[in-house]
Amino acid sequence: MPSIASISKIDLPCKTPQGEVKEQARIAFTSRSPHMERLIDVFDNTQIITRNFCKPLGYYVGPSTFEDRNDAYLETSLKFSIEAIENCLGAAGVDKGAVTDIIFVSTTGLATPSMDALIINAMRLNPHINRLPVFGLGCAGGVSGMAKANTIATANPDAVVLLVAVELCSLTVLRDDYSTSNFVGSSLFSDGIAACLILGDNHNNNQRVRYKAASSKLYYDSLEVMGWDFTNNGFKVLFSKDIPEFINENVRGDIESFLTSQGLALKDIRNFIFHPGGKKVLDAYTDALQAEGDFLENSRIVMNNYGNMSSVTVLYVLERFMNQGFEDGYGLMMAMGPGFSSEMVLLEMKN
């Protein structure tokens with residue numbers, strides 16, 4: 001089976017304490033919409049300490065058009081995607097000319113030609129690389145991208161697959177949108193960029209983390225739970241307060257069904273590589289799974305230090321497992337996103 005050879009993440013230049021973001025939001029929102037003052041404590045309830053931002057705080061309260069913000073998305077995405085890819089290839093000892101496939105995952109900006117084409121052009125990668133841009137999966141995109149990368153590497157044992165995920169959520173916050181969703185989003189979402197290298201079986205590399213299986217599920221009649229409304233001003237965030245309840249009702253059964261299909265049970269999972277959607281989402285996972293110990297510690301640390309970076313966040317969690325240490329045994333990657341949907345990837349992990 002394919003293996004994950006390396007992974008890299010980006011600490012963006014404008015990491016900002018949550019307290020400073022809170023005060024900026026108080027100025028930006030409550031001065032023009034006083035009723036939002038009652039919501040300001042949501043910043044304290046996230047348990048986020050610092051946020052990963054691509055721009056200084058002042059940028060977000062100044063006037064900007066959707067075109068301005070999307071241009072910033074394109075410039076920042078390209079610059080830091082290249083940095084993440086170079087770090088990832090260097091860590092694996094793989095030459096850029098060996099890359100056979102690239103998957104680019106994002107839901108926070110628009111590019112045509114797609115960002116993978118811009119990366120190939122800028123880095124002078126092999127022009128015959130197979131390209132797969134993925135848009136619209138939101139928080140689930142990192143796990144789905146990992147599944148797609150491994151599907152490619154399973155089909156082609158010679159494959160060298162680059163998975164790149166970019167989410168610049170801060171550029172989507174609308175300063176003139178006084179909805180509760182936008183305000184809560186301003187307390188939670190951040191920016192992140194990660195690259196991961198997946199190799200087919202024919203490559204002799206350190207196969208500490210190997211792919212075993214994947215599962216994808218779309219829940220009927222739940223389209224309104226999470227997503228975007230596309231407006232004249234840009235991306236307007238939509239998400240339901242019922243997400244934790246949705247997790248409580250579904251996630252344990254879905255995980256157990258997936259693991260049973262692989263001849264496993266929940267007790268066999270040693271490494272829980274879960275997307276930390278927020279404190280309430282992590283609490284819902286904890287209540288639903290009742291696993292031993294602080295099994296979501298790495299997810300919580302990433303959320304504390306970076307915020308919710310949508311699809312990229314779970315790759316930061318995986319990076320922490322791979323570089324800070326994991327238990328021998330199985331690992332389960334999981335995230336939920338628009339659709340409403342869940343994505344899972346089962347890994348075999350051995351030091």
Side-chain angles (χ1 to χ4, degrees), residues 6-18 21 46-57 59-60 69 72-88 103-109 111 115-116 119 134-146 149 162-173 185-197 235 237 273-278 281-282 298-324 333-338 343:
S6 63
I7 186 167
S8 64
K9 64 177 176 61
I10 297 293
D11 285 271
L12 287 162
C14 300
K15 289 196 77 171
T16 306
Q18 177 77 325
V21 186
T46 61
Q47 296 186 347
I48 295 170
I49 299 168
T50 54
R51 306 268 288 281
N52 214 27
F53 287 152
C54 65
K55 298 284 187 182
L57 274 182
Y59 174 89
Y60 303 105
R69 295 190 298 275
Y73 167 88
L74 295 174
E75 179 182 0
T76 304
S77 296
L78 182 60
K79 175 182 177 180
F80 289 106
S81 290
I82 291 172
E83 180 179 326
I85 290 167
E86 290 176 341
N87 292 341
C88 187
I103 299 172
F104 184 84
V105 175
S106 186
T107 309
T108 49
M115 187 59 63
D116 46 281
I119 291 168
V134 179
F135 179 87
L137 292 178
C139 294
V143 180
S144 178
M146 181 63 70
L162 264 176
L163 169 63
V164 183
V166 174
E167 301 292 5
L168 303 182
C169 304
S170 69
L171 297 176
T172 69
V173 175
S186 74
S187 76
L188 184 64
F189 289 104
S190 303
D191 306 331
I193 299 173
C196 189
L197 193 67
F235 295 20
V237 67
I273 309 160
F274 279 35
H275 166 69
V281 170
L282 288 177
N298 282 333
S299 295
R300 188 173 296 104
I301 289 171
V302 168
M303 183 186 73
N304 293 160
N305 293 333
Y306 293 93
N308 182 343
M309 301 170 284
S310 190
S311 71
V312 185
T313 324
V314 74
L315 299 179
Y316 279 51
V317 178
L318 177 63
E319 188 272 344
R320 185 171 177 82
F321 272 98
M322 292 185 68
N323 292 328
Q324 301 292 326
M333 295 183 71
M334 182 166 190
M336 306 187 83
E343 300 285 342

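These numbers were taken from a predicted model, which means no experiment stands behind them. The figures that follow rest on heavy atoms only: side chains count, while hydrogens, waters and symmetry mates do not.
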Which residues pass the side-chain contact (heavy atoms from CB on, under 4.5 Å) test with [X], sequence neighbours left out?
| X | value |
| --- | --- |
| Thr313 | His275, Pro276, Val302, Asn308, Met309 |
| Ser77 | Tyr73, Met115, Val166, Leu168 |
| Ala140 | Ser341, Glu343 |
| Ala194 | Val312, Leu315, Tyr316 |

Taking the side chain as C-beta and beyond, is there a heavy-atom pair between [X] and [Y] under 4.5 Å?
| X | Y | value |
| --- | --- | --- |
| Val164 | Ile85 | yes |
| Ser144 | Val134 | no |
| Met336 | Val281 | no |
| Leu78 | Ile82 | yes |
| Thr172 | Val237 | no |

* For Lys15, salt bridge (Lys or Arg N to Asp or Glu O under 4.0 Å) partners two or more places apart ->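 So Lys15 forms a salt bridge (Lys or Arg N to Asp or Glu O under 4.0 Å) with Asp11.
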* To do: Go through the structure and list residues passing side-chain hydrogen bond (donor to acceptor under 3.5 Å, both in side chains) with Thr50, not counting sequence neighbours.
  =>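 Here no residue qualifies.
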Reported [atom1]-to-[atom2] distance for the pair [X] and [Y], which is rounded to 0.5 angstrom:
| X | Y | atom1 | atom2 | answer |
| --- | --- | --- | --- | --- |
| Thr76 | Leu171 | OG1 | CG | 6.5 Å |
| Ile10 | Asn87 | CD1 | CG | 6.0 Å |
| Asn52 | Ser170 | CG | OG | 9.5 Å |
| Ile7 | Leu197 | CD1 | CG | 10.5 Å |
| Arg51 | Cys169 | CZ | SG | 9.5 Å |
| Ser190 | Asn305 | OG | CG | 11.0 Å |

* Asked: Would you say the ring centroid of Tyr60 lies under 6.0 angstrom from that of Phe53?
  ->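 For Tyr60 and Phe53, the ring centres are under 6.0 Å apart.
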* Work out which heavy atom in Phe104 is nearest to a heavy atom in Ser81; give both atom names and the distance. =>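 Taking every non-hydrogen atom into account, CE1-OG, 4.0 Å.
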* Can you name the nearest heavy-atom pair linking Cys54 to Asp191, along with the distance? ->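 Where Cys54 meets Asp191 most closely, the heavy atoms are N-OD2, 2.8 Å.
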